[in-house]
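Heads up: the structure comes next, in structure tokens.
Only heavy atoms go into these numbers, but all of them, side chains included; no hydrogens, no water, no symmetry mates. Numbers restart at 1 for each chain; the letters A, B, ... are given by sequence-line order, proteins then strands.
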Amino acid sequence: MAAAGAAEGFPRSARIRKRADFLRVQQRGKKLSSGPLVALVLPTAGPTARLGLTVSSKVGNAVVRARVKRLLREVFRRRRLACPPVELVVIARPAAGAATAAELTAAFSSLLSTLQRASR
RNA sequence: GGAGUGGCCCGGGUGAACGCUGGCUUCAGGCUGGUACAGCCUGGGGCGGGAGGAAAGUCCGAGCUCCACAGGGCAGGGUGCUGGUUAACGACCAGUCGGCGCGAGUCGCAGGAAAGUGCCACAGAAAAGAAACCGCCCCGGUUCGCCGGGGUAAGGGUGAAACGGUGCGGUAAGAGCGCACCGCGUCCAGGGUGACUUGGACGGCACGGCAAACCCCACCUGGAGCAAGAGCCAAUAGGGAGGCUGUCCGCCCCGCGAGGGACGGACCGGGGUUGCCCGCCCCGAUGCCUCCGGGUCGCUCGCUGAGGAGGCCCCCGGGCAACCGGGGCCCUAGAGGAAUGUUCGCCGCGCGGCAGGACGCUCUGCCGCGAACAGAACUCGGCUUACAGGGCCACUCCGGCG
RNA sequence: CGGGGCGUAGCGCAGCCUGGUAGCGCACCUGCCUUGGGCGCAGGGGGUCGGAGGUUCAAAUCCUCUCGCCCCGA
């Protein structure tokens, strides 16, 4: 176990995939925001953090939405094991469609940093 | 060389690191059944696969799936020159006719206006089956200003459009009144599968426009859509399925009777016949009997390894072509809160600047910037729309040189 | 996947079905009224009718294609 590649992996178990899970986090989670992003955080009993993304059609067409999700997933993949075990739902506001990759990365990174500080 | 027309193609390449996804294989752990072993789940390793020309819009057509369907009529919807291609189409090809263009070409919802109804604003006398405002001509009257009656439709004027056009003859003035040509209609002959076309004869003109107005005619048309649909099935709740039973009348049977049962008809209410009607079919408040299954979340299948109405700037044959037949080669991803990504190099492409060779076309080097439109969601055939940059082919017109 | 609606002046809407003049309210400008402002009265300006093509003598209106926005159902 614990192969070298697992440090930056992003397996299916680290994703929120059920509508019920999304609704639970959105109703009971704590709300944070940074720029074009809104995050809802709920502590979990699982071993690691899990991420779910919500990017509606207000953000842009399919290409723009996919780009936003891939960028956010990439940031989360790099820092996943450094995060406390929470369930995290990130909602992209319409401004996220027009944001550059650097802006989105910075916004999500600051969100993750405040999360890590709060858990200590 | 310049201007243009039509069509086709490409849609960056390569390497490394870290990731994602589904297939095959292998290892470890667990569960079920268990003799070997098989199946499933979780995690790791290896191998090879992983967006488009439009995947988009969802404007048409089909496959596939489920539902409905005795039959008849009416409605609704769609298409609309002809012939063909196709699984099918509103698509495509070829042609006909008409518009535009010198031309290559291009555009066209392009049936019927003597089946009927309706509309044609303003202007104009008159907007559809006739009429006569200014006129022109004749006759009568006259106070010489003109008035009355009749003929006419050439000219003026209005309008988008005025009941064939031009010319000659003719006439009181005129008029298809007569003639020639053109247009129109009918008939005949030739060509063509056909739309249509060519020629001739006859007719003296009848049929203004609008059907992307209602409509008529011809042909086509059941509804929904992979969240279709099929299977397994937790918690919770306790229901779900099947059969009988409505009211009245007639008649028959059983019974002493109350009553019960069978048949036929009518009626009431509800439902089905996925628009309506006829017709047809089913059901009945309460209650009784029999059976144990129905279904939500979730999961699996449908779903893409085997079939594809699949591609080929491959070949052969048929056809003007769309396309068809045969052979060869090749391709084919399968997610499910939804993968195909991120970072860093090198090469290639375009634009701009600088320097050098060079009259110029252009070549070399360096630097900077840029690289679009857009993401599979059951699968195909079309159409439409978006798109940085690049390449190829055929043809037309104009100019120059030989 | 399927269905519906909207786009007309700076804003909110009529007009479209049944073709011929684009209009209403608020806002804007000018004048009157008032010491001044508001209110009120009178007058005025302003619209490629989302875009392209077509039918027609004539199109906001009819037809076709297209762009954008909003809503609904499974």
Which one is paired to C/C26, where only Watson-Crick or G-U wobble pairs with both distances under 3.5 angstrom count?
C/G10
When the P atoms of B/A309 and B/C363 are considered, how many whole Å apart are they?
50 Å
Can you find a side chain N or O atom of A/R73 that sits less than 4.0 Å from OP1 or OP2 on B/U21?
no
Syn versus anti for B/G305, judged by chi lying within 90° of 0?
syn
Considering only the P atoms, how many Å lie between B/G101 and C/G54, rounded to the nearest integer?
14 Å
Using a 4.0 Å heavy-atom cut-off across all strands, classify A/I16 as base, sugar-phosphate, or nothing.
sugar-phosphate
Reckon A/K58 has a side-chain N or O less than 4.0 Å from the OP1 or OP2 of C/C70?
yes
Quick one: classify the glycosidic conformation of B/A160 as syn or anti, with syn meaning within 90° of 0.
anti
Donor-acceptor pair, side chain of A/Q116 and main chain of A/A82, under 3.5 angstrom
yes
Rounded to the nearest angstrom, tell me the gap between atom CZ in A/F76 and atom C1' in B/C18.
17 Å
B/G246 and B/U286, which share atom name C1', separated by this distance in whole Å:
11 Å
Between B/C331 and B/U5, how far apart are the C1' atoms? Round to whole Å, please.
36 Å
Taking only the side-chain heavy atoms of A/R77 (C-beta and beyond), determine which of B/C18, B/C20, B/G375 contains the nearest atom.
B/C18
Considering just the side-chain nitrogens and oxygens of A/R70, establish if one lies under 4.0 Å of OP1 or OP2 belonging to B/U340.
yes
Under a 3.5 Å cut-off for both distances, is B/G29 Watson-Crick or wobble paired, and to whom?
B/C41
Specify the separation, in whole Å, of atom CG of A/N61 and atom C1' of B/C387.
14 Å
Can you tell me how far P in B/C378 sits from the matching atom in B/C226, rounded to whole Å?
7 Å
Does the structure show a Watson-Crick or G-U wobble partner for C/G37, both distances under 3.5 Å? Name it, or say none.
none
Any strand, both distances under 3.5 Å, Watson-Crick or G-U wobble: B/C20 pairs with B/G50
pair_partner(C/G73), Watson-Crick or wobble, both distances < 3.5 Å, evaluates to C/C1
Could you check if a side-chain atom of A/L72 sits within less than 4.5 angstrom of a side-chain atom of A/L51, using non-hydrogen atoms only?
no
Donor-acceptor pair, A/R65 side chain versus A/G60 backbone, under 3.5 Å?
yes
Take the protein atom CG of A/L51 and the nucleotide atom C1' of B/C20, then report the distance between them rounded to whole Å.
14 Å
Could you measure between the two P atoms, the one in B/U96 and the one in B/U193, and give it in whole Å?
14 Å
Rounded to whole angstrom units, what separation is found between the CZ atom of A/R65 and the P atom of B/U340?
15 Å
Side chain to side chain, A/L88 and A/L112, heavy atoms closer than 4.5 Å:
yes
Rounded to the Å, how far apart are A/R79 CZ and B/U342 C1'?
16 Å
Taken to the nearest whole Å, CG/A/D21 to C1'/B/G336 is 15 Å
Quick one: label A/F10 by what it contacts on the DNA or RNA (base, sugar-phosphate, nothing), any heavy atom closer than 4.0 Å.
sugar-phosphate
Taking a pair to mean Watson-Crick or G-U wobble geometry with both distances below 3.5 Å, B/G185 pairs with B/C202
Within the structure shown, what part of the strands sits under 4.0 Å from A/S13 by heavy-atom distance: base, sugar-phosphate, or nothing?
nothing
Syn if the chi torsion is within 90° of 0, anti otherwise; quick check, which is B/G255?
anti
Where each residue is assigned the nucleotide of RNA chain B containing its nearest heavy atom, which of A/R67 and A/V63 is assigned the position nearer the 5′ end?
A/R67
Where the chi angle of B/G53 falls, syn if within 90° of 0 and anti if not
syn
In whole Å, what is the span from the CZ atom of A/R15 to the C1' atom of B/A335?
10 Å
Rounded C1' spacing from B/C207 to C/G23 in Å
44 Å
Nucleotide opposite B/U236 in a Watson-Crick or G-U pair, distances under 3.5 Å:
none
Taking the same atom, C1', in B/A321 and in B/C93, what whole-Å distance lies between them?
5 Å
Syn/anti state for C/U18 [syn: chi within 90° of 0]:
anti
According to a hydrophobic-cluster definition based on side-chain heavy atoms being under 4.5 Å apart (Ile, Leu, Val, Met, Phe, Trp, Tyr only), do A/V89 and A/L37 belong together?
no
Do A/F22 and A/I91 share a hydrophobic cluster, counting only Ile, Leu, Val, Met, Phe, Trp and Tyr and linking them when any side-chain heavy atoms are less than 4.5 Å apart?
yes
Derivation and outcome, salt bridge (Lys or Arg N to Asp or Glu O under 4.0 Å), residues A/E74 and A/R70
CA-CA 6 Å; A/E74 186 68 16; A/R70 283 165 181 160; over 6 Å; no
Given atom CD of A/E74 and atom P of B/G341, what is their separation to the nearest angstrom?
11 Å
Can you tell me the base-pairing partner of B/U58? Count Watson-Crick or G-U wobble geometry only, both distances below 3.5 Å, and say none if there is no partner.
none
Main-chain N/O of A/E103 paired to A/T100 side chain as donor or acceptor, under 3.5 Å
yes
